[in-house]
K.L.:
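Sharing a structure, written as structure tokens. Questions coming.
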2 protein chains.
Amino acid sequence: MNVQLNNFTCKKTAIFDSTLCLIKEHGFHGTPMSLIAKNANVAAGTIYHYFESKDALIKALYIYVKDGLADTIPLENNILSYKDLFIQYWVDQCEYFIAHENALYFLEQYLTSPYRNSNPEIESKLFLTRIVPFFQKGIDSGHIRKMDYQLLMPVIHGSIVAAAKYHLSGHYEFTKEKLRETALIIWDGIKKQPTTITTHPII
Amino acid sequence: MNVQLNNFTCKKTAIFDSTLCLIKEHGFHGTPMSLIAKNANVAAGTIYHYFESKDALIKALYIYVKDGLADTIPLENNILSYKDLFIQYWVDQCEYFIAHENALYFLEQYLTSPYRNSNPEIESKLFLTRIVPFFQKGIDSGHIRKMDYQLLMPVIHGSIVAAAKYHLSGHYEFTKEKLRETALIIWDGIKKQPTTITTHPII
DNA sequence: TGCAACCGAATGAACGTTCAATTAAACAAT
DNA sequence: ATTGTTTAATTGAACGTTCATTCGGTTGCA
């Protein structure tokens with residue numbers, strides 16, 4: 001039974017990984033099922049044993065990739081300050097994308113494609129139970145400026161993805177230090193704004 | 001000649017707009033040339049009078065859309081402060097995307113597709129001559145914190161696009177005031193950080 | 001008369017999907 | 001252990017459809 005499970009997982013993940021790799025290179029529709037099959041060392045028909053259609057494969061792949069992101073969510077603890085938790089979240093997620101280029105490009109393509117509209121997010125369990133409360137708590141506890149937490153999402157996620165893509169494009173190398181620096185920019189924007197004494201010229 | 005030019009422009013832009021509209025709805029490859037033609041009220045063959053191939057059409061469309069963005073770049077003047085220029089830039093660009101949903105989704109799809117890699121950006125003239133100097137000047141003059149200006153790009157552009165998409169998704173209505181508020185978050189992040197007196201609890 | 005714009009049916013290649021056939025695994029009975 | 005039986009996994013050639021592109025012909029303006 002172990003063997004059976006391994007075989008099962010093996011072929012299925014081979015198909016996933018093959019698809020992920022090809023989609024990054026050639027896009028959704030630039031990757032025919034035949035190529036996916038060849039790249040995964042399975043026959044074309046085999047794919048249809050695991051997935052009803054190409055669409056179903058893409059949808060399942062989305063879940064597969066999102067699950068991989070789960071690990072980047074830092075557990076709350078009493079050691080790190082809220083700010084440091086945020087920085088860690090931002091940097092970890094960005095590093096994950098940099099390390100999993102295929103996943104990033106697939107996700108970006110998926111989220112900007114019409115697939116998204118036709119498939120209400122099924123997997124947001126993770127998002128709803130971990131991420132939303134994390135930021136909501138930040139607002140409630142006074143660490144983040146008072147605002148609809150939904151206003152935060154585009155800013156934070158957008159910056160993470162953009163930075164990862166920027167790094168991967170080769171235009172700029174984000175060292176860990178640079179990543180933290182960028183995360184800090186975002187943090188300085190969303191944190192509760194202190195009373196300020198400006199030190200730069202007033203126009 | 002004017003009439004000829006008009007006819008020319010008319011069919012060509014009809015094809016552009018038809019493509020833009022269909023791509024938003026069905027994606028790159030979900031939009032066959034035949035549909036583009038029908039939607040633009042031209043014959044399938046006509047498209048090939050203006051564009052060598054579907055690929056060429058997509059590339060030309062990219063330029064077409066980017067040119068439309070040109071108007072959102074605020075001219076520098078002596079009335080607005082640098083900060084206000086930035087806010088205006090951010091809000092204008094975001095409003096443009098909200099008003100031109102098709103353009104936004106096309107751009108997002110294009111930039112996340114393999115097209116981008118196979119076609120080094122031709123059109124960055126605008127980008128290089130207007131936007132880069134604007135931000136470089138902000139850094140040099142001490143309005144923006146000292147950092148590689150290239151670090152700024154992902155943060156700023158990412159937040160603009162993400163906010164526009166968020167609004168368009170219907171999750172949240174960005175009034176002009178909310179847009180300014182969001183732009184201010186970004187500004188508070190990138191501006192030269194003042195000496196601070198924190199007013200929230202220190203952990 | 002010539003030339004550019006325009007048409008739309010025809011073409012052929014590419015692709016997603018099916019299916020009849022084959023192999024491998026799991027289980028039951030002896 | 002061996003055999004027979006059932007079920008699952010796998011194959012790849014074949015099918016039918018879709019789609020980008022072509023091309024011979026038509027229109028209308030200079």
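Small disclaimer: the values here were computed from a predicted structure and weren't measured. The basis for the numbers below is simple: all heavy atoms, side chains too, and nothing from hydrogens, waters or symmetry mates. Chain letters run A, B, ... following the sequence lines, proteins first and then strands; every chain starts at 1.
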K.L.:
Would you indicate which nucleotide in D:dG12, C:dG16, C:dC6 comes nearest to any side-chain atom of A:Lys54?
P.N.:
C:dG16
K.L.:
Nearest-Å distance, NE2 (A:His26) to P (C:dA14)?
P.N.:
15 Å
K.L.:
Measure from the side chain of B:Ser53, starting at C-beta and using heavy atoms only, and say which of D:dT21, C:dA4, D:dG12 lies closest.
P.N.:
D:dT21
K.L.:
For residues 35-48 of chain B, which side-chain donor-acceptor pairs fall under 3.5 Å, sequence neighbours excluded?
P.N.:
residue: B:Asn39; atom: OD1; partner: B:Ser18; partner atom: OG; Å: 3.3
residue: B:Thr46; atom: OG1; partner: B:Ala43; partner atom: O; Å: 3.4

K.L.:
Which whole-number value in Å describes the distance from B:Phe51 CZ to D:dT22 P?
P.N.:
15 Å
K.L.:
Please name all residues satisfying side-chain hydrogen bond (donor to acceptor under 3.5 Å, both in side chains) with A:Lys146, sequence neighbours left out, ordered by chain then number.
P.N.:
none
K.L.:
Considering just the side-chain nitrogens and oxygens of A:Tyr50, establish if one lies under 4.0 Å of OP1 or OP2 belonging to D:dT10.
P.N.:
yes
K.L.:
Decide, yes or no, whether a salt bridge links A:Lys191 with B:Asp188 under the criterion of side-chain N to carboxylate O below 4.0 Å.
P.N.:
no
K.L.:
For B:Glu181, what residues pass the salt bridge (charged side-chain N to carboxylate O under 4.0 Å, His left out) criterion, not counting sequence neighbours?
P.N.:
B:Lys178
K.L.:
Just to confirm, is there a sub-4.0 Å distance from OP1 or OP2 of C:dC6 to any side-chain nitrogen or oxygen of B:Lys12?
P.N.:
no
K.L.:
Using heavy atoms and a sub-4.0 Å distance, could you list which residues of residues 28-42 of chain B are near DNA chain D? By number, please.
P.N.:
B:Thr31, B:Pro32, B:Met33
K.L.:
Please determine which of B:Leu85, B:Ile185, B:Ile160 meets the side-chain contact (heavy atoms from CB on, under 4.5 Å) test together with B:Trp90.
P.N.:
B:Ile160
K.L.:
Could you check how far CD1 of A:Ile47 sits from C1' of D:dG12, rounded to whole Å?
P.N.:
12 Å
K.L.:
Can you sort out the partners of A:Ser169 under side-chain hydrogen bond (donor to acceptor under 3.5 Å, both in side chains), two or more places apart, ordered by chain and number?
P.N.:
A:His171
K.L.:
With sequence neighbours excluded, what pairs up with B:Ser53 under the side-chain contact (heavy atoms from CB on, under 4.5 Å) test?
P.N.:
B:Asp55, B:Ala56
K.L.:
Is the distance from OP1 or OP2 of D:dA9 to the nearest side-chain N or O of A:His49 less than 4.0 Å?
P.N.:
yes
K.L.:
Could you list the residues that satisfy side-chain hydrogen bond (donor to acceptor under 3.5 Å, both in side chains) with B:Lys24, not counting sequence neighbours?
P.N.:
none
K.L.:
In the 5'-to-3' direction, what one-character label does each nucleotide of nucleotides 18-23 of chain C receive under the scheme B = base within less than 4.0 Å of a protein heavy atom, S = sugar-phosphate only, - = no such atom?
P.N.:
B-----
K.L.:
Who are the side-chain contact (heavy atoms from CB on, under 4.5 Å) partners of A:Tyr96, not counting sequence neighbours?
P.N.:
A:Leu69, A:Thr72, A:His100
